[in-house]
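Heads up: the structure comes next, in structure tokens.
Source: prediction; values computed, not measured. Atoms considered below: every heavy atom in the structure, side chains included; atoms not considered: hydrogens, waters and symmetry mates.
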Amino acid sequence: MSTVQGRLRIAVQKSGRLADRSLDLVRDAGLRVVKGNNDLLYRVENYPIDLLRVRDDDIPTFVADGVCDLGIVGENVLEEARNGGPVAEVIMPLGFGRCTLKIAVPPTLAYDNPASLEGLRIATSYPRILRRWLDERKVGADIVTMRGAVEVAPRLKLASAICDLVSTGATLEANGLGARDTVLESQAVLIRSPAAPEPALQHLLDSIIERMAGVVSSQGAKYVMLNAPRSALEQITAILPGAGSPTVMPLSGRDDAVAVHAVCQEAVFWETLEKLKAAGASAILVLPIEKMM
Ligand code: PRT
Ligand code: ZN
């Protein structure tokens with residue numbers, strides 16, 4: 001059972017790379033968040049829900065232990081928190097906070113495959129993930145755990161290689177390191193507690209999850225409307241990216257053409273529009289989608 005009677009709790013990062021997007025997701029799901037005097041806890045004024053704002057490293061435990069019902073955290077942090085105890089359940093990937101945990105080495109170190117790390121010292125903030133990865137590959141290496149600034153470890157001779165998060169690659173480049181292997185692909189995920197909420201809050205919890213799923217799937221999705229010659233209908237629908245089965249409607253006064261409406265799950269680029277036009281489509285409209293369920 002959740003610890004606070006009559007209220008659901010969602011754990012989000014207080015400040016950092018996931019903080020803004022986490023709050024956006026909560027707001028887009030229709031929760032009106034009010035910042036009170038308490039920096040740790042934001043209240044939702046239209047539902048019995050509180051946001052617990054904490055360091056991301058605390059989120060997996062808070063959710064696994066039932067202190068919070070839901071949480072938003074990077075897969076890297078969730079994976080590192082796995083220690084044989086209760087685990088939070090991953091509900092869905094959220095499409096932001098993407099990064100990759102990589103093995104990176106200085107140019108002086110010859111790296112062919114993970115076995116090249118045998119007997120070396122590797123610096124990382126993710127010792128558990130790295131240990132599992134090395135064990136699975138039967139590589140024996142020493143791990144030096146560092147809280148931050150992992151990229152300077154080779155220069156300071158603290159380690160021969162590093163295992164760190166990479167997004168643009170600028171940090172590795174600035175430190176003269178090259179990425180060699182991928183240990184984990186990560187993005188932010190929505191997680192839920194294995195402990196059920198109070199029965200009276202179950203319906204609210206389910207509906208928040210469903211709304212968040214709607215927000216995530218509508219992100220980047222577009223509503224496309226166009227007119228198509230009947231003869232080119234098959235070709236035109238094949239061009240629409242991730243459209244599933246579109247709606248096809250008659251056009252008044254025209255037997256040779258139809259109107260096509262489709263929800264495209266993937267990005268609709270100018271190139272796509274040009275291909276549609278070349279295939280005979282006309283009056284092409286691309287509209288954003290605000291909500292989807
Ligand atoms: O204070 P708190 O503990 O909550 O935050 P934090 O400092 O531990 O984490 P924060 O806010 O930096 O990151 C939160 C989450 O964002 C991470 O756990 C990842 O899931 C995700 N994320 C996405 C990243 C990056 N991209 C990222 N690039 N986390 C860290 N980095 C760092 C990386 O460690 C390296 O130092 O950015 C540097 C590399 O970036 P590039 O762009 O130069 O490759
Ligand atoms: Zn952290």
Original post:
Atom CD of Q13 and atom CG of L52: how far apart are they, to the nearest 0.5 Å?
Top reply: 13.0 Å
**OP:** For R7 and I49, indicate whether the former's side chain and the latter's backbone hold a donor-acceptor pair under 3.5 Å.
**Re:** yes
Original post:
Where the side chain of D58 meets the backbone of V54, is there a donor-acceptor pair that is under 3.5 Å apart?
Top reply: no
**OP:** Using a 4.5 Å cut-off on heavy atoms from C-beta on, say whether the side chain of M212 contacts that of L25.
**Re:** yes
**OP:** Nearest 0.5 Å please: distance from the CG atom of L31 over to the CZ atom of R27.
**Re:** 10.0 Å
Subject >> I103 and W133, any side-chain heavy atoms less than 4.5 Å apart >> reply: yes
Subject >> Donor-acceptor under 3.5 Å (R9 side chain, C68 main chain) >> reply: no
**OP:** Return the minimal non-hydrogen interatomic distance between G6 and P48, and the atom names on each side.
**Re:** O-CB, 3.3 Å
Original post:
Who are the side chain to side chain contact (heavy atoms under 4.5 Å, CB included) partners of E210, not counting sequence neighbours?
Top reply: M293
Subject >> Residue pair C99 / S167: nearest heavy atoms and the distance that separates them >> reply: CB-CB, 4.5 Å
Original post:
For F269, what are the other residues in its hydrophobic cluster, where any two members join if their side-chain heavy atoms are less than 4.5 angstrom apart?
Top reply: none
Original post:
Is a side-chain N or O of R53 found less than 3.5 angstrom from the main chain of D39, in a donor-acceptor match?
Top reply: yes
Subject >> Closest approach of L117 to A161 (non-hydrogen atoms, all atoms of both residues) >> reply: CD2-CB, 4.0 Å
Original post:
Does the side chain of N76 pick up a donor-acceptor pair with the side chain of E80 at under 3.5 Å?
Top reply: no
**OP:** Starting from the C-alpha separation in whole Å, work towards a yes-or-no answer on side-chain contact (heavy atoms from CB on, under 4.5 Å) for T247 and M249.
**Re:** CA-CA 7 Å; T247 309; M249 288 162 289; 4.2 Å; yes
**OP:** Using side chain to side chain contact (heavy atoms under 4.5 Å, CB included) as the criterion, list what pairs up with S160, not counting sequence neighbours.
**Re:** L109, L120
Original post:
Hey, quick one: are L205 and V33 part of the same hydrophobic cluster, counting side-chain heavy atoms closer than 4.5 Å, chains of contacts allowed?
Top reply: yes
Subject >> Student check: side-chain heavy atoms of L101 and C163 closer than 4.5 Å >> reply: yes
Subject >> Sequence-distant partners of R131, salt bridge (charged side-chain N to carboxylate O under 4.0 Å, His left out), two or more places apart >> reply: none
Original post:
Atom CG of L204 and atom CG of D69: how far apart are they, to the nearest 0.5 Å?
Top reply: 9.5 Å
**OP:** Mark yes when over 12 heavy atoms from residues, nucleotides or ligands other than E45 sit less than 6.0 Å from its CD; otherwise mark no.
**Re:** yes
Original post:
Taking C-beta and beyond as the side chain, do V90 and R192 meet within less than 4.5 Å on heavy atoms?
Top reply: no
Original post:
Do Y111 and D181 come close enough that some side-chain heavy atom pair is under 4.5 Å?
Top reply: yes
Original post:
If you measure only the distance, is there a donor-acceptor pair under 3.5 Å linking the side chains of E185 and T100?
Top reply: yes
**OP:** Please collect all salt bridge (charged side-chain N to carboxylate O under 4.0 Å, His left out) contacts where either partner lies in residues 244-255, sequence neighbours excluded, each pair once.
**Re:** R254-D256
**OP:** Could you walk me through whether I236 and L226 pass side-chain contact (heavy atoms from CB on, under 4.5 Å), step by step?
**Re:** CA-CA 10 Å; I236 284 173; L226 54 83; 3.9 Å; yes
Original post:
Would you say E198's side chain and A200's backbone share a donor-acceptor pair under 3.5 angstrom?
Top reply: no
Original post:
How would you list, by chain and number, every residue that makes a salt bridge (charged side-chain N to carboxylate O under 4.0 Å, His left out) with E79, sequence neighbours excluded?
Top reply: R82, R132
Subject >> Nearest atoms (heavy-atom pairs only) where E266 meets G242 >> reply: OE2-CA, 3.6 Å
Original post:
What is the distance from atom CG of D50 to atom CG of L41, rounded to the nearest 0.5 Å?
Top reply: 4.5 Å
Original post:
Considering residues, nucleotides and ligands other than R128, do more than 12 of their heavy atoms fall under 6.0 Å from its CZ?
Top reply: yes
Original post:
Stepwise, does the side-chain contact (heavy atoms from CB on, under 4.5 Å) test hold for M292 with V263?
Top reply: CA-CA 10 Å; M292 201 152 85; V263 173; 4.1 Å; yes
Subject >> Within-4.5 Å side-chain heavy-atom neighbours: F96 and S22 >> reply: yes
Original post:
Any donor-acceptor pair under 3.5 Å linking the side chain of E118 with the backbone of G140?
Top reply: yes
Original post:
Short question: side chain of R121, backbone of A159 - any donor-acceptor pair under 3.5 Å?
Top reply: no
Original post:
Could you give the distance from CZ (F62) to CZ (R55), rounded to the nearest 0.5 Å?
Top reply: 12.0 Å
Original post:
Hey, are the side chains of V260 and L233 touching, using non-hydrogen atoms and a 4.5 Å cut-off?
Top reply: yes
Subject >> same_hphob_cluster(L156, L172) at 4.5 Å side-chain heavy-atom cutoff >> reply: yes
Original post:
Do T182 side-chain atoms and K102 backbone N/O form a donor-acceptor pair below 3.5 Å?
Top reply: no
**OP:** For P93 and V189, work out which heavy atoms get closest and say how close.
**Re:** CA-CG1, 3.9 Å
**OP:** Identify whether Y47 and L23 are in the same connected component of the hydrophobic contact network (ILVMFWY, side-chain heavy atoms under 4.5 Å).
**Re:** yes
Original post:
Would a hydrophobic clustering, with Ile, Leu, Val, Met, Phe, Trp and Tyr connected at side-chain separations under 4.5 Å, put I143 with Y126?
Top reply: yes
**OP:** Report, as yes or no, whether the 6.0 Å neighbourhood of atom CG on D20 holds more than 12 heavy atoms from other residues, nucleotides or ligands.
**Re:** no
Original post:
Going through the checks in order, is the side-chain contact (heavy atoms from CB on, under 4.5 Å) test met by V144 and I122?
Top reply: CA-CA 6 Å; V144 192; I122 312 167; over 6 Å; no
**OP:** Give a yes or no on whether L285 and Y223 share a hydrophobic cluster (residues Ile, Leu, Val, Met, Phe, Trp, Tyr; joining criterion: side-chain heavy atoms under 4.5 Å apart).
**Re:** yes
Original post:
Taking all atoms of both residues into account, what is the closest heavy-atom pair of V150 and A123, and its distance?
Top reply: CG1-O, 3.4 Å
Subject >> Value rounded to 0.5 Å, distance of CD in Q265 from OG in S217 >> reply: 6.0 Å
Original post:
Got V77 and V73 here, is their nearest side-chain heavy-atom distance under 4.5 Å?
Top reply: yes
Original post:
Any donor-acceptor pair under 3.5 Å linking the side chain of N83 with the backbone of G85?
Top reply: yes
**OP:** For the pair S125 (side chain) and M146 (backbone), establish whether a donor and an acceptor sit closer than 3.5 Å, ignoring hydrogens and angles.
**Re:** yes
